[in-house]
Peer 1: 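Please read through the structure below; I'll follow up with questions.
Just so it is clear: chains get the letters A, B, ... in the order the sequence lines come, proteins before strands, and each one is counted from 1.
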Amino acid sequence: MEKPIEPPATKKKNGVILDFIRTIIEEDIRRGKHGGRVHTRFPPEPNGYLHIGHAKSICLNFGIADQYNGFCNLRFDDTNPSKEEVEYVESIKEDVHWLGFDWEKREYYASDYFDNLYAYAVDLIKKGKAYVCDLNAEQIRDYRGTLTEPGKESPYRNRTIEENLNLFERMKTGEFPDGSRTLRAKIDMCSGNLNMRDPVIYRILHVPHHRTGDKWCIYPMYDFTHCLSDSIEGITHSICTLEFEDHRPLYDWYLDQLKVFHPQQIEFARLNLSYTIMSKRKLLNLVKEGVVSDWDDPRMPTIQGLRRRGYTPESIRDFCSRIGLAKRESIVDIALLDHCLREDLNKRAPRVMAVLKPLKIVITNYPENNVEWLEAENNPEDETMGSRKIPFSRVLYIEHEDFREDPPKKYFRLAPGREVRLKHAYYITCDEVVKDPETGRILELRCSYDPATKGGWSKDGRKVKGTLHWVSAEHALPAEIRLYDQLFSRENLDDLEEGKTHLDFLNPNSLDVLEDCRVENSLAEAKPESRFQFLRQGYFCLDKDSTTGRLIFNRTVILRDTWAKIEQKMLNKASQKNGT
RNA sequence: UGGGGUGUAGCCAAGCGGUAAGGCAGCGGACUUUGGAUCCGCCAUUCGGAGGUUCGAAUCCUCCCACCCCAGCCA
């Protein structure tokens with residue numbers, strides 16, 4: 001059988017740099033291996049929801065199949081019925097489709113092969129390469145030895161083939177209790193690779209399976225199942241993550257002993273993201289403990305969470321193509337994902353105006369009861385998206401943040417006596433600040449507009465530095481807006497101080513719900529999952545909790561905010577002067 | 001101290017003996033009816049370290065160092 005080859009150098013093809021896996025594949029095609037055929041598989045275990053790390057693997061496997069005119073199977077690795085559920089297989093299928101990939105008719109389950117696998121095991125016994133072992137779990141561990149000491153051979157290792165066949169058959173028929181016996185491969189108890197010290201092939205588990213019901217009470221282990229499932233399906237390149245590197249000799253051993261079609265296992269480094277955890281177990285725990293609302297909480301790195309948050313499948317695929325592929329472990333900056341999303345939505349998302357924290361302004365020289373419908377472009381990046389009419393009237397709301405009574409340097413929004421532009425509308429000047437005499441809170445602004453600046457232009461060439469978004473008080477729709485931020489405040493959650501866990505670094509501000517927002521009336525007909533750019537603020541997505549009477553938006557990501565940076569720098573400078 | 005891997009910028013990542021691609025982040029500047037977008041510049045004399053081979057080394061050799069994975073009847 002062919003030995004796994006060292007990852008060869010990356011090569012360029014048509015100027016595009018190939019990663020090490022595609023380089024191997026191109027070399028295999030060139031040499032005519034498997035007749036030039038390329039067949040991959042995405043093999044999730046249905047014991048949890050898919051996350052962005054899985055997206056990397058999905059894009060890789062389906063992407064390669066597509067690129068080399070091959071196929072990619074969806075195969076559920078369902079050999080442990082005590083952890084797996086149909087709920088998960090349904091969500092996985094939905095997520096893969098949503099990401100934009102199609103396995104067509106090739107939906108397989110490892111459990112489909114239970115009969116084949118049993119026959120292969122019998123074959124191994126007949127070849128004298130497997131035996132039934134009566135050691136219990138604890139004893140097997142003792143016999144296995146340690147990392148630095150060799151193991152000891154099981155006293156049951158040299159049973160006759162007939163006895164093994166008989167015992168294995170009786171394991172299958174349910175004669176023995178859970179954990180009482182196993183079928184083991186007879187390899188090498190002295191191997192430096194623990195996986196080769198007579199690994200378990202089958203264990204007894206009197207547990208019903210979500211697909212095979214109670215047909216089986218023995219279930220095959222991963223190593224035995226995976227290589228043979230790959231072989232049965234004619235997989236050419238079996239791509240998995242780094243921790244399986246040690247398993248490759250076993251993967252190869254089973255296939256060599258059984259003399260069956262031999263795919264090649266290739267390992268790559270899984271995705272890690274800054275400020276994010278990717279462990280299924282920890283993610284499940286966040287849901288169970290109520291730290292987040294569910295698997296699709298918009299702060300979760302699950303596909304469903306990202307989807308609800310407003311990420312597009314296109315942006316996730318772009319991200320996966322940009323993070324690279326290698327064998328070194330790394331933590332990708334979450335800023336790259338946000339960049340991909342902004343790049344996508346900048347071109348595609350319609351622009352609308354929404355005021356998150358409304359400040360009422362009255363245009364004192366604008367006629368009462370008058371309404372003008374002004375032209376507003378839907379996307380300056382794409383003319384074909386057209387325009388819409390937005391209502392302007394005497395009473396408006398602007399963003400509270402866009403007014404300062406005592407503006408700092410470089411602040412060029414509204415302030416007493418200052419003139420700014422209302423986007424698509426008029427120039428206005430702030431004439432008066434009305435405050436609550438008791439609390440001093442600003443209640444409203446009295447402004448005047450320049451009728452000669454309709455549309456936001458001035459013939460006299462007068463410049464205004466600030467342009468604000470706004471909504472007409474009478475026409476605007478009330479909305480709830482959920483502002484999301486990273487769930488964790490720590491960049492690297494895998495390298496924590498003694499005694500700390502990721503839960504010690506939860507970001508207390510990961511969710512801020514604004515109940516009293518105002519959005520422009522064109523949003524009345526918006527459909528859940530539709531995405532918008534709220535001008536000057538960020539990208540938002542209509543949440544599924546929305547009802548006709550109550551719009552709810554999730555903030556996906558903010559726009560780049562140069563002013564926030566400038567202000568932060570000024571604050572830093574000031575605090576340095578104060579010696580704090 | 002056994003076996004298997006990996007070290008190139010703040011974060012990813014090319015490079016495979018001919019003199020350090022690209023992206024993200026950051027920093028300048030232009031432009032702007034989004035402080036958005038766009039554009040233009042800057043950002044590794046050095047590749048974990050030390051020796052060696054060579055006219056020439058991130059690339060080859062030797063030794064060393066650091067980090068990750070493996071002792072489930074999980075996947």
Peer 1: For A/Tyr219 and B/A75, give me the distance from atom OH to atom P, rounded to whole Å.
Peer 2: 12 Å

Peer 1: Starting from P on B/U6, measure out to CG on A/Asn272 and report it in whole angstrom.
Peer 2: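 It is 17 Å, rounded to the nearest whole Å.
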
Peer 1: P atom, B/G17 versus B/C43: distance in rounded Å?
Peer 2: 28 Å

Peer 1: Using both pair distances under 3.5 Å as the test, note the stems of at least 3 consecutive Watson-Crick or G-U pairs that include RNA chain B.
Peer 2: B:2-7 with B:65-70, B:10-12 with B:22-24, B:26-30 with B:38-42, B:48-52 with B:60-64

Peer 1: Answer with base, sugar-phosphate or nothing: what part of the nucleic acid does A/Thr148 contact at a heavy-atom distance below 4.0 Å?
Peer 2: base

Peer 1: Taking the P atom of each, how far is B/A58 from B/G52, in whole Å?
Peer 2: 15 Å

Peer 1: Kindly confirm or rule out a cation-pi arrangement of A/Lys327 over A/Phe268, judged by NZ or CZ under 6.0 Å from the six-membered ring centre and within 45° of its axis?
Peer 2: no

Peer 1: If you measure from the C1' atom in B/A30 to the same atom in B/G10, how many Å do you get, rounded?
Peer 2: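 So the two C1' atoms sit 27 Å from each other.
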
Peer 1: For the pair made of CG in A/Asp333 and P in B/A9, what is the distance, rounded to whole Å?
Peer 2: 15 Å

Peer 1: Check every strand shown and say whether A/Lys565 touches a base, only sugar-phosphate, or nothing at a heavy-atom separation below 4.0 Å.
Peer 2: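 Here A/Lys565 touches the backbone only, sparing every base.
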
Peer 1: For A/Phe553 and A/Phe540, I'd like to know if the aromatic rings sit close, meaning centre-to-centre distance below 6.0 Å.
Peer 2: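 When the ring centroids of A/Phe553 and A/Phe540 are compared, they turn out to be at least 6.0 Å apart.
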
Peer 1: Check for me whether A/Arg421 meets the cation-pi criterion with A/Tyr427, that is, NZ or CZ under 6.0 Å from the six-membered ring centre and within 45 degrees of the ring axis.
Peer 2: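 Cation-pi check for A/Arg421 and A/Tyr427: fails.
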
Peer 1: Centroid-to-centroid, A/Tyr113 to A/Tyr120, below 6.0 Å?
Peer 2: no

Peer 1: Within 45° of the six-membered ring axis of A/Tyr131 and under 6.0 Å from that ring's centre, is NZ or CZ of A/Arg159 located there?
Peer 2: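 Relative to the ring axis of A/Tyr131, which defines the angle, A/Arg159 lies outside at least one limit.
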
Peer 1: Side chain of A/Leu147: nearest nucleotide among B/G36, B/C12, B/A71?
Peer 2: B/A71

Peer 1: Search all heavy atoms of A/Val519 against all heavy atoms of A/Ala354 and return the closest pair with its distance.
Peer 2: CG1-CB, 3.7 Å

Peer 1: Quick check for you: among B/A75, B/G5, B/G36, whose closest atom lies nearest to any side-chain atom of A/Pro380?
Peer 2: B/G36

Peer 1: Taking the six-membered ring for Trp and the single ring otherwise, decide whether the centroids of A/Phe412 and A/Trp563 are under 6.0 Å apart.
Peer 2: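 Not close enough - the centres of the two rings lie 6.0 Å or further apart.
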
Peer 1: Between the base of B/G35 and the side chain of A/Asp561, is there any donor-acceptor pair under 3.5 Å?
Peer 2: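 Counting by modelled atom types and ignoring angles, no donor-acceptor contact under 3.5 Å is found here.
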
Peer 1: Which part of the nucleic acid does A/Arg197 contact within heavy-atom distance under 4.0 Å: base, sugar-phosphate only, or nothing?
Peer 2: nothing

Peer 1: Between A/Thr562 and B/G36, does any side-chain N or O lie under 4.0 Å from OP1 or OP2?
Peer 2: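 Yes, A/Thr562 has a side-chain N/O under 4.0 Å of OP1/OP2 on B/G36.
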
Peer 1: Any chance NZ of A/Lys357 has more than 12 other-residue heavy atoms, nucleotides or ligands included, within less than 6.0 Å?
Peer 2: no

Peer 1: For the base of B/U34, is there a side-chain donor-acceptor partner from A/Gln533 under 3.5 Å away?
Peer 2: yes

Peer 1: How would you label the contact of A/Arg322 with the nucleic acid (heavy atoms, under 4.0 Å): base, sugar-phosphate, or nothing?
Peer 2: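 Touches sugar-phosphate only.
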
Peer 1: What interatomic distance, in whole Å, is found between C1' of B/A25 and the corresponding atom of B/C42?
Peer 2: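 B/C42 and B/A25 have their C1' atoms separated by 14 Å.
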
Peer 1: Should A/Arg536 be listed as having a side-chain N or O under 4.0 Å from OP1 or OP2 of B/G35?
Peer 2: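 So the side chain of A/Arg536 is within the cut-off, an N or O lying under 4.0 Å from OP1 or OP2 of B/G35.
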
Peer 1: Ring centres under 6.0 Å, that's the criterion: do A/Tyr222 and A/His226 meet it?
Peer 2: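 Yes, the ring centres sit under 6.0 Å apart.
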
Peer 1: For nucleotides B/C27 and B/G3, find the distance between their P atoms and express it as a whole number of Å.
Peer 2: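 The answer is 48 Å between these two P atoms.
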
Peer 1: Whole angstrom is fine here: how far is it from NZ in A/Lys569 over to P in B/C27?
Peer 2: 5 Å

Peer 1: What's the closest nucleotide to the side chain of A/Thr146 if the choices are B/U34, B/G35, B/A71?
Peer 2: B/A71

Peer 1: I want to check one thing: is the phosphate of B/A13, taken as OP1 and OP2, less than 4.0 Å away from some side-chain N or O of A/Arg328?
Peer 2: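 It does, given that an N or O in the side chain of A/Arg328 lies less than 4.0 Å from OP1 or OP2 of B/A13.
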
Peer 1: Taking the same atom, C1', in B/U45 and in B/C67, what whole-Å distance lies between them?
Peer 2: 28 Å

Peer 1: Could you tell me how far B/A14 sits from B/A20 if I compare only their C1' atoms? Round to whole Å.
Peer 2: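 Going atom to atom, C1' in each nucleotide, I get 10 Å.
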
Peer 1: Look at all strands and tell whether A/His424 reaches a base, only sugar-phosphate, or nothing, counting heavy atoms closer than 4.0 Å.
Peer 2: base

Peer 1: When you measure only distances, ignoring hydrogens and angles, does the side chain of A/Glu567 come within 3.5 Å of the base of B/G35 through a donor and an acceptor?
Peer 2: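 No, the side chain and the base share no sub-3.5 Å donor-acceptor pair.
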
Peer 1: A/His469 side chain N/O closer than 4.0 Å to the phosphate oxygens (OP1, OP2) of B/U34?
Peer 2: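 No, because none of the side-chain N or O atoms of A/His469 sits under 4.0 Å from OP1 or OP2 of B/U34.
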
Peer 1: Measure CD1/A/Ile266 against C1'/B/G5 and give the value in whole Å, please.
Peer 2: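 In whole Å, B/G5 C1' lies 16 Å from A/Ile266 CD1.
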
Peer 1: Could you tell me how far apart A/Glu329 (CD) and B/G48 (C1') are, to the nearest whole angstrom?
Peer 2: 17 Å

Peer 1: Are A/Arg211 and A/Tyr109 in a cation-pi setup, meaning NZ or CZ lies under 6.0 angstrom from the ring centre and within 45 degrees of the ring axis?
Peer 2: yes

Peer 1: Using the P atom as the reference point in each nucleotide, state the distance between B/U59 and B/G48 in Å, no decimals.
Peer 2: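 My reading of the P atoms in B/U59 and B/G48 gives 8 Å.
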
Peer 1: Give every pair of a protein N or O atom and an N or O atom of nucleotides 72-74 of chain B that lie under 3.5 Å apart, one pair per line with the distance.
Peer 2:
{"unit_1": "B/G72", "atom_1": "OP2", "unit_2": "A/Arg144", "atom_2": "NH2", "d": "3.1"}
{"unit_1": "B/C73", "atom_1": "OP1", "unit_2": "A/Arg144", "atom_2": "NH2", "d": "3.4"}
{"unit_1": "B/C73", "atom_1": "OP2", "unit_2": "A/Arg144", "atom_2": "NH1", "d": "3.1"}
{"unit_1": "B/C73", "atom_1": "N3", "unit_2": "A/Gly179", "atom_2": "O", "d": "3.3"}
{"unit_1": "B/C73", "atom_1": "N4", "unit_2": "A/Leu135", "atom_2": "O", "d": "2.9"}
{"unit_1": "B/C73", "atom_1": "N4", "unit_2": "A/Ala137", "atom_2": "N", "d": "3.1"}
{"unit_1": "B/C73", "atom_1": "N4", "unit_2": "A/Gly179", "atom_2": "O", "d": "2.7"}
{"unit_1": "B/C74", "atom_1": "OP2", "unit_2": "A/Arg203", "atom_2": "NE", "d": "3.0"}
{"unit_1": "B/C74", "atom_1": "OP2", "unit_2": "A/Arg203", "atom_2": "NH2", "d": "2.9"}
{"unit_1": "B/C74", "atom_1": "O3'", "unit_2": "A/Arg203", "atom_2": "NH2", "d": "3.2"}
{"unit_1": "B/C74", "atom_1": "O2'", "unit_2": "A/Asn80", "atom_2": "ND2", "d": "3.0"}

Peer 1: Nearest-Å distance, CZ (A/Phe540) to C1' (B/G36)?
Peer 2: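 Atom CZ in A/Phe540 sits about 13 Å away from atom C1' in B/G36.
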
